[in-house]
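If you're wondering where the values come from, they're calculated on a predicted model, not measured in any experiment. We count residues from 1, following the sequence as given. Quick note: numbers below take in every heavy atom, side chains included, and nothing from hydrogens, waters or symmetry partners.
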Amino acid sequence: MPKSRIRKKAEFTPPPATKQATAIKLTSRSWVAPVMLALFLIGLAWIVLFYVTEGELPLKSLANWNIVVGFGFIAAGFGVSTQWK
């Protein structure tokens, strides 16, 4: 039986590097963290104050909508948090 030829694999040569990687500057805006935390705390305080005072504070005229206002502050805090890098 005839002996088959052994194939040689070509050596791997990486392609030439023509592009250089650019450094991404991930600097966070200094106002984002304080505003985010302030909105979270205002929303939490609004809801807690509503429950503790049995609806008398912060705004009696809003009645149960005070909860929505508190969660609105918290949602705004999450919205601001998307700017954090």
Euclidean distance, Leu44 CG relative to Leu39 CG, rounded to 0.5 Å: 12.5 Å

Heavy-atom pair of closest approach, residues Met36 and Ser81: SD-CB, 3.2 Å

Single-linkage hydrophobic cluster, 4.5 Å side-chain cutoff, Val52 and Val69 together: no

Closest heavy-atom pair and its distance - Val80, Val32: O-CG1, 3.6 Å

Shared hydrophobic cluster, Tyr51 / Leu62 (ILVMFWY, side-chain heavy atoms < 4.5 Å): yes

Minimum side-chain heavy-atom gap Trp46-Leu41 below 4.5 Å: no

For Phe71, all residues meeting ring pair (Phe, Tyr, Trp, His ring centres under 6.0 Å), sequence neighbours excluded: none

Student check: side-chain heavy atoms of Pro58 and Asn66 closer than 4.5 Å: yes

Sub-4.5 Å side-chain heavy-atom contact between Ile47 and Ile74: yes

Heavy-atom side-chain contact between Phe50 and Asn64 under 4.5 Å: yes

Output field: ring centroids Phe78/Phe40 closer than 6.0 Å: yes

Spatial distance of atom CG (Leu37) from atom CD1 (Ile42) [nearest 0.5 Å]: 11.0 Å

Stepwise side chain to side chain contact (heavy atoms under 4.5 Å, CB included) test for Val68 and Trp65: CA-CA 5 Å; Val68 175; Trp65 283 97; 3.6 Å; yes

